[in-house]
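Single-structure report; data block below.
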Amino acid sequence: MKRKPILAGNWKMFKTRGATKAFVHELAPRVQEAQCRILIAPPFTALAAAASSAQGSGIEIGAQNMHDGLEGAFTGEISAPMLLEAGASFVLLGHSERRHIFNETNEFVRRKILRALEVGLQPLLCIGETEQEREEGRTEAVLQSQLAACLEGISTEGLIVAYEPVWAIGTGKTATPRMAQQAHQFCRGWLQANWGSEIAEKIPILYGGSVNPETIVSLCGMPDIDGALVGGASLDVEKFAHMANLLN
Ligand code: PGA
């Protein structure tokens with residue numbers, strides 16, 4: 001089955017509202033012919049501006065995180081209905097920076113996924129091993145435990161998964177296409193075993209970790225790699241447009 005490729009940009013804590021609008025206006029005409037889904041996750045404060053600038057372009061706007069509650073006394077947090085109101089259609093959940101810097105657990109990520117699905121935001125679940133876990137030969141065990149815990153009791157065609165080895169994020173070290181394919185194949189196998197082949201074949205699994213215009217084609221040429229989640233290189237409109245036009 002051919003899955004439509006996805007190029008997703010995770011802007012992290014970069015770009016103001018003004019810079020976001022300028023980026024989306026420059027990007028839209030450059031990706032009119034692109035064959036992939038194009039997703040951008042700007043900071044919360046730029047979401048509404050991004051969504052209105054992207055209108056009619058096919059570019060999808062989403063958030064980098066959310067809380068699982070609908071509302072409540074959670075200082076500094078943002079809920080799923082707030083994201084929807086701002087124009088988000090998807091949300092990154094469980095990014096390694098959330099897990100490692102902000103101590104988010106698989107159980108918390110699972111509750112967020114449930115809430116996102118309930119309100120109609122597409123969850124993009126990020127998983128991946130640390131350098132030490134890879135060196136100890138525990139990559140598959142880590143992926144298995146993250147998938148099992150984050151997706152316990154869940155089965156849906158509406159999920160996107162991103163495999164992002166922690167040692168490759170923001171480091172300039174990319175996994176080789178072979179290494180990444182092995183991890184993706186393992187994740188697809190887990191989905192097949194737990195959700196059945198029909199659903200597993202439909203779930204896009206993106207690779208993330210220092211992807212750039214030079215590496216994206218060989219990575220996404222692998223059978224189980226359906227696109228990329230890009231941090232650093234997504235901040236540059238020329239590079240991002242170039243990557244979008246390379247994915248088909
Ligand atoms: P990077 O970030 O492309 O800068 O490595 C990827 C990510 O954190 O999603």
Side-chain angles (χ1 to χ4, degrees), residues 5-15 19-20 23 27 36-44 46-47 50 59-66 88 90-104 106 109 112-113 116 121-131 133-134 139 142-143 146-147 150 159-177 179-180 183-184 187 203-220 222 225-244 246-247:
I6 296 177
L7 178 66
N10 171 14
W11 284 1
K12 311 192 180 185
M13 201 170 71
F14 291 96
K15 293 198 193 289
T20 298
F23 184 102
L27 179 66
C36 59
R37 272 176 76 186
I38 299 173
L39 277 55
I40 296 178
F44 291 133
L47 269 176
I59 298 166
E60 301 168 56
I61 303 298
Q64 301 170 17
N65 180 36
M66 63 174 221
F90 71 93
V91 58
L92 306 186
L93 295 174
H95 188 278
S96 79
E97 285 149 18
R98 300 298 320 169
R99 293 173 186 269
H100 296 117
I101 307 172
F102 301 101
N103 301 318
E104 287 194 8
N106 286 321
V109 174
K112 296 181 192 215
I113 295 173
L121 277 171
Q122 184 166 34
L124 196 165
L125 167 65
C126 305
I127 56 173
E129 82 287 359
T130 63
E131 186 153 43
E133 288 162 346
R134 177 162 284 268
T139 297
V142 169
L143 297 178
Q146 289 176 335
L147 287 167
C150 293
L159 180 75
I160 304 174
V161 174
Y163 166 63
E164 299 202 297
V166 178
W167 48 271
I169 296 178
T171 57
K173 292 193 227 167
T174 318
T176 63
M179 216 186 240
H184 282 233
C187 296
I203 307 275
I205 307 179
L206 315 185
Y207 170 79
S210 300
V211 176
N212 61 40
E214 284 71 53
T215 53
I216 195 165
V217 174
S218 55
L219 284 161
C220 296
M222 303 307 279
I225 304 184
D226 306 311
L229 175 56
V230 185
S234 74
L235 297 169
D236 180 305
V237 73
E238 294 296 342
K239 283 187 191 163
F240 195 64
H242 187 191
M243 288 188 281
L246 287 170
L247 274 192

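Because only heavy atoms are used, hydrogens play no part in the values below, and waters and symmetry mates are left out as well, while side chains stay in. Bear in mind that the values here come from a model prediction, so they are computed numbers and not experimental data. Every number for a ligand or one of its atoms is a count from 1 in the order of the listing.
At under 3.5 Å, not a single nitrogen or oxygen of T171, backbone or side chain, sits near a nitrogen or oxygen of ligand 1. Ligand 1 has a nitrogen or oxygen under 3.5 angstrom from a nitrogen or oxygen of G231. At least one N or O atom of K12, backbone or side chain, sits closer than 3.5 Å to an N or O atom of ligand 1. Remark: ligand 1 and V230 share no N or O pair separated by less than 3.5 Å (distance only, no angle test).
Within the structure, ligand 1 lacks A233 among the residues with a heavy atom less than 4.0 angstrom away. Taking a 4.0 Å cut-off on heavy atoms, A168 registers as neighbouring ligand 1.
Atoms of ligand 1 found under 4.0 Å from any heavy atom of G209 (numbered from 1 in listed order, with element): 5 (O). Close approach to N10 involves these atoms of ligand 1, each under 4.0 Å from a residue heavy atom: 8 (O), 9 (O). With ligand atoms numbered from 1 in the order given, ligand 1 contributes 7 (C), 8 (O), 9 (O) to contacts under 4.0 Å with heavy atoms of H95. Contact atoms of ligand 1 toward G232: 1 (P), 3 (O), 4 (O) (distance under 4.0 Å to a heavy atom of the residue).
Between S210, G9, G128, A41, it is S210 that holds the heavy atom closest to atom 1 (P) of ligand 1.
Ring geometry, Y207 versus Y163: the interplanar angle falls from 30° to 60°, so the pair is classed tilted.
For the pair C126 and E164, the minimum side-chain heavy-atom distance is below 4.5 Å.
Of all protein heavy atoms, the one lying nearest to atom 9 (O) of ligand 1 is E164 OE2, 2.6 Å.
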